[in-house]
Amino acid sequence: MKAKLRQAFHNLREVFRDEQFYLSLRHTVGAFIPLILCELLGYESIGLEMMLGAFFVSAVDIAGTLRSKATALIVTTAISITITFSILVVGNNLILMLPLLFIFIFGLAYISPYSLRYTLMAVMGYIAIILAVSMVGRFSSMDGILRHCFLLLCGSLWYFVFAMIIHWFARSREINRRIAECTRQTAQYFQQRLELLEPETDHTQGLLELARLQQELSETQESVRELLFSDTSMLSRRSSERRRFYLIFIELVDMHELAMATPIDYPKIRELLHRYPEYNIIHSVISRINQEMHNLADILLHGAKYKGHLQLEDELDQLRNQLLALKKRVMQEESKDEEAYHTLRRIELYLHQQLQKVEVIQNAVLNRKTYDDADIKQLASTDVSTKDLPQFVTPNPLNWSSVVDNFGFESSYFRYALRTATTAVVGYALADFLQFQNVYWVLLTVLVVMKPGYGVTRERFYHRIVGTLIGALIAYGLYQLDPGRFMSLTIFGISLTLAFTFIIHNYTVASSFFTIFVIFLYSFLNREIPSMVVFRVVDTLLGAVLVIGAIRYLWPYWEHQKFPSLLRKSLITNKLYLQKVLDHLYEGTFNETEYRLARKKAYVDMANLVSSYYRLISDPKSKQKNAKPSYDLALLSYMILSTTTSLGVFVQQHRRQSFDYNEFHLIGEGILTNLALAIDKLQDTTDFQPSPSEVEKWDNIEQAEDDLARQLRQLKQQLQKQPSEQQNETYVKYAQINYLSRQLGWMLELSRTISGHTQQSDQQQVTA
């Protein structure tokens with residue numbers, strides 16, 4: 001019991017130390033300043049309307065560049081004021097109100113899936129709709145409506161100024177928080193990869209968890225790129241803080257890449273490594289690196305005390321000595337230990353590289369040095385020019401082309417918008433027909449609960465119901481204490497802050513606080529709270545029932561319909577990434593910017609594919625079509641990406657060395673051909689027809705693999721005959737060819753498998 005209480009307290013403490021609490025507090029303070037000032041001056045109604053205007057835009061004030069934040073605030077202000085004015089002018093005319101609501105809700109729902117910022121803009125638009133509908137009939141003239149809209153505009157503009165001032169002082173803190181989160185998530189990713197090597201870990205669930213962490217880490221990296229790379233002038237100045245953030249982030253991305261490049265055939269590697277004592281050293285080193293990363297994240301976030309220098313030299317020396325003995329045994333005879341040695345040796349090199357990067361991050365976090373351009377290029381091994389950095393920022397996903405392309409029934413965005421608007425309008429009309437006192441609460445429930453995916457909508461349905469009931473009971477209990485105006489203000493201010501804080505942690509808790517906030521807000525409008533409690537619950541139940549029926553039967557778009565297109569996109573960027581790596585491998589050249597751009601795009605599309613699979617398995621069982629093939633194909637795509645990354649790390653380490661072997665060309669061409677065929681098979685399909693037969697193989701690829709095996713045997717025989725002082729150059733060549741042939745051969749098998757698992761084309765084709 002004590003352990004559970006300690007864990008609950010720890011989790012609660014983490015919630016209040018999280019960035020979301022800081023944002024929630026900022027939103028509440030910014031919205032309440034005009035209300036409190038006007039209350040003190042005796043202009044209560046003006047203060048309330050200005051508070052609502054500030055509240056309309058506050059949620060889009062999230063981490064981002066000055067330009068993106070300012071644009072979002074201005075656009076949201078325009079949307080909210082336009083909606084409010086239009087609805088108040090239409091008034092109680094149901095014939096005009098219903099189409100107007102449909103247009104506004106459809107437009108907001110249509111843009112919401114594009115990104116988090118657009119989602120928040122849509123939510124603020126929804127709130128404007130709800131509040132405008134709740135105020136219909138309160139204004140007897142156009143002057144009253146214009147005055148109300150003007151005060152809302154004043155509140156919105158006040159919050160715009162407030163947000164710009166806060167941004168100026170807090171921009172470094174925002175980057176600091178995101179860098180810290182990226183550090184923590186990178187450490188969690190390492191730990192999960194280590195967990196997959198443990199015998200008690202379920203392989204399938206472990207890989208799913210790894211993929212989920214990969215998705216979260218990719219999203220965090222995207223947000224850091226936006227904050228750090230959009231304004232490169234800050235990096236061009238001799239600002240040690242910004243340069244330090246830049247160096248830490250580059251090292252974190254490279255650490256993630258190194259982790260991706262480690263062996264991925266976990267069942268085989270798990271069985272192999274646990275027979276060797278070297279694995280215990282590896283486990284200890286990775287665990288301590290993970291602890292160090294978490295400690296550095298705590299220092300960045302909370303100024304925690306540093307717990308001591310990372311001392312791993314003894315363990316790494318012991319590992320090196322044991323591997324030298326294993327190498328000698330392998331080279332002297334044909335040994336089953338050869339594969340284990342090469343695997344352990346790669347892991348040893350990986351640990352040395354990761355440790356070097358951790359030490360760079362450690363020095364940067366602890367402010368042990370001020371870094372200039374030369375230091376960054378030397379330590380981070382990056383040749384990316386500052387002027388090229390904006391290319392790494394993902395462009396605005398909402399543009400004219402994307403709007404037009406998604407405007408049709410084949411688009412999940414279009415169907416979601418149509419479903420949301422139809423359900424909301426039907427709910428509003430039904431509540432009006434049944435003469436509900438607060439029809440807008442039906443609208444509120446529909447707009448808040450309805451999400452693009454079935455799983456998250458169903459989850460929100462239950463959380464919304466439970467949260468509303470709990471919040472209503474608490475609000476009624478607080479009302480019985482007969483709170484005064486100041487106490488009511490305090491209650492709904494605290495409720496608003498906590499609602500926004502918990503919205504990403506626990507939607508049931510967030511919904512409870514939102515209910516308390518809304519009910520006590522009405523106390524300022526001089527409406528009776530007990531009746532509000534009853535109407536709130538009844539209207540919420542009606543709206544929730546409509547939502548759960550609509551998501552299942554009203555133009556549904558199940559995730560299995562979308563998954564193949566995301567898989568195809570992931571394979572395309574995987575193929576482009578691999579092509580870039582192979583070109584660098586053959587030519588002995590390395591373009592840092594091109595390589596990193598190709599890698600970044602492949603990682604982002606892989607994260608989107610994993611997210612799609614999670615949505616697929618949350619759909620109803622009857623709609624989880626092709627769940628097993630989808631898992632297999634997502635895993636194969638991830639394994640290809642991981643192996644490509646492994647080759648990419650090798651190329652970076654040998655960026656001036658050419659490996660222009662004909663055998664490598666043939667195998668590489670076969671891999672790319674198989675991927676191209678898989679991509680073609682996925683064109684315009686929403687179904688999979690797995691083929692039990694293996695993809696046919698070219699004879700010259702088989703010959704190339706045999707030639708590489710023969711070269712390796714010859715080099716090994718040469719090593720056995722040479723004196724030990726002459727073996728180094730021969731062994732390096734042997735190790736390089738052995739590594740490349742293993743990686744390319746493994747990827748060839750993966751490409752054959754993924755091509756054979758995708759839908760069969762109409763014409764029989766011969767592939768690599």
Side-chain angles (χ1 to χ4, degrees), residues 189 193 207 210-211 214-215 217-218 221 253-266 269 343 346 349-350 353 392 566-610 633-655 659 661 663-679 701 736 738-755 758 768:
Y189 184 79
R193 291 184 73 91
L207 281 176
L210 184 67
Q214 163 90 26
Q215 175 198 351
L217 180 56
S218 294
Q221 289 174 350
V253 172
D254 286 347
M255 289 182 73
H256 177 220
E257 181 189 43
L258 282 170
M260 284 277 291
T262 52
I264 194 70
D265 190 2
Y266 286 106
I269 298 300
T343 300
R346 286 200 302 274
L349 293 173
Y350 159 79
Q353 291 170 317
F392 292 86
L566 292 174
L567 173 62
R568 184 174 185 273
K569 188 175 181 181
S570 178
L571 289 177
I572 289 173
T573 49
N574 261 348
K575 180 174 176 288
L576 292 173
Y577 179 31
L578 174 61
Q579 182 69 70
K580 190 65 62 179
V581 170
L582 292 176
D583 289 344
H584 291 156
L585 181 72
Y586 304 147
E587 297 167 5
T589 59
F590 190 77
N591 186 303
E592 189 86 28
T593 300
E594 290 181 0
Y595 173 80
R596 287 179 178 268
L597 278 172
R599 180 185 68 183
K600 178 238 177 185
K601 291 175 182 176
Y603 282 11
V604 169
D605 287 335
M606 187 69 238
N608 292 335
L609 180 65
V610 170
L633 288 165
L635 180 59
L636 286 166
S637 182
Y638 182 78
M639 292 165 75
I640 288 173
L641 177 59
S642 177
T643 313
T644 303
T645 301
S646 182
L647 285 173
V649 171
F650 180 88
V651 168
Q652 290 181 80
Q653 294 167 347
H654 304 83
R655 58 180 66 198
F659 295 89
Y661 292 78
E663 293 86 353
F664 292 160
H665 275 281
L666 287 171
I667 297 174
E669 183 182 352
I671 298 168
L672 294 172
T673 302
N674 284 331
L675 291 179
L677 180 58
I679 291 166
I701 290 183
Q736 289 174 345
N738 182 57
Y739 172 76
L740 290 173
S741 61
R742 284 175 181 272
Q743 294 297 97
L744 289 171
W746 169 236
M747 194 179 296
L748 180 65
E749 291 303 313
L750 291 173
S751 69
R752 287 169 174 163
T753 305
I754 203 167
S755 183
T758 49

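Computed from a prediction, not measured in an experiment: that's the story for all the values here. FYI, side chains are in, hydrogens and waters are out, and symmetry mates aren't considered; it's all heavy atoms of this structure.
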ask   = Between F659 and Y739, does the ring centroid distance fall short of 6.0 Å?
value = no
Quick one: pull up [atom1] in [X] and [atom2] in [Y] and give me the separation to the nearest 0.5 Å.
X	Y	atom1	atom2	value
L635	I640	CG	CD1	10.0 Å
K575	S751	NZ	OG	11.5 Å
D605	L567	CG	CG	11.0 Å
Q652	L647	CD	CG	11.5 Å
I679	I572	CD1	CD1	5.0 Å
L597	L576	CG	CG	12.0 Å

request  = List the steps, then state whether side chain to side chain contact (heavy atoms under 4.5 Å, CB included) holds for L609 with L633.
outcome  = CA-CA 10 Å; L609 180 65; L633 288 165; over 6 Å; no
Shortest non-hydrogen contact from [X] to [Y]?
X	Y	answer
K580	Y595	CG-CA, 4.3 Å
R599	D254	NH1-OD1, 3.6 Å
Q579	L672	OE1-CD1, 3.0 Å

request  = Compare all side-chain heavy atoms of L585 with those of F650 and state whether any distance is below 4.5 angstrom.
outcome  = yes
key: Check: Y603 and T645 side chains under 4.5 Å, non-hydrogen atoms   = yes
inquiry  = Let's go through N608 and S570 carefully: what are the C-alpha distance in whole Å and the side-chain angles of both, what is the deciding distance for side chain to side chain contact (heavy atoms under 4.5 Å, CB included) to 0.1 Å, and is it a yes or a no?
reply    = CA-CA 8 Å; N608 292 335; S570 178; over 6 Å; no
key: Test side-chain contact (heavy atoms from CB on, under 4.5 Å) applied to A602 - qualifying residues, sequence neighbours left out   =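 In terms of side-chain contact (heavy atoms from CB on, under 4.5 Å), with neighbours along the sequence ignored, A602 is linked to T573, N574, Y577, L641.
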key: Which residues share a ring pair (Phe, Tyr, Trp, His ring centres under 6.0 Å) with Y189, sequence neighbours left out   = H256
message = If we ignore hydrogens and angles and just use 3.5 Å, is the side chain of T753 paired with the main-chain N or O of E749 as donor and acceptor?
response =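 Answer holds: yes.
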task = Would you check, one step at a time, whether the test side chain to side chain contact (heavy atoms under 4.5 Å, CB included) holds for L744 with T643?
result = CA-CA 8 Å; L744 289 171; T643 313; over 6 Å; no
I671 and its side chain to side chain contact (heavy atoms under 4.5 Å, CB included) partner, picked from L675, N674, T673 =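 Answer after filtering L675, N674, T673: L675.
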ask   = Does the side chain to side chain contact (heavy atoms under 4.5 Å, CB included) test come out yes or no for Y638 and V610, once each step is laid out?
value = CA-CA 9 Å; Y638 182 78; V610 170; 5.6 Å; no
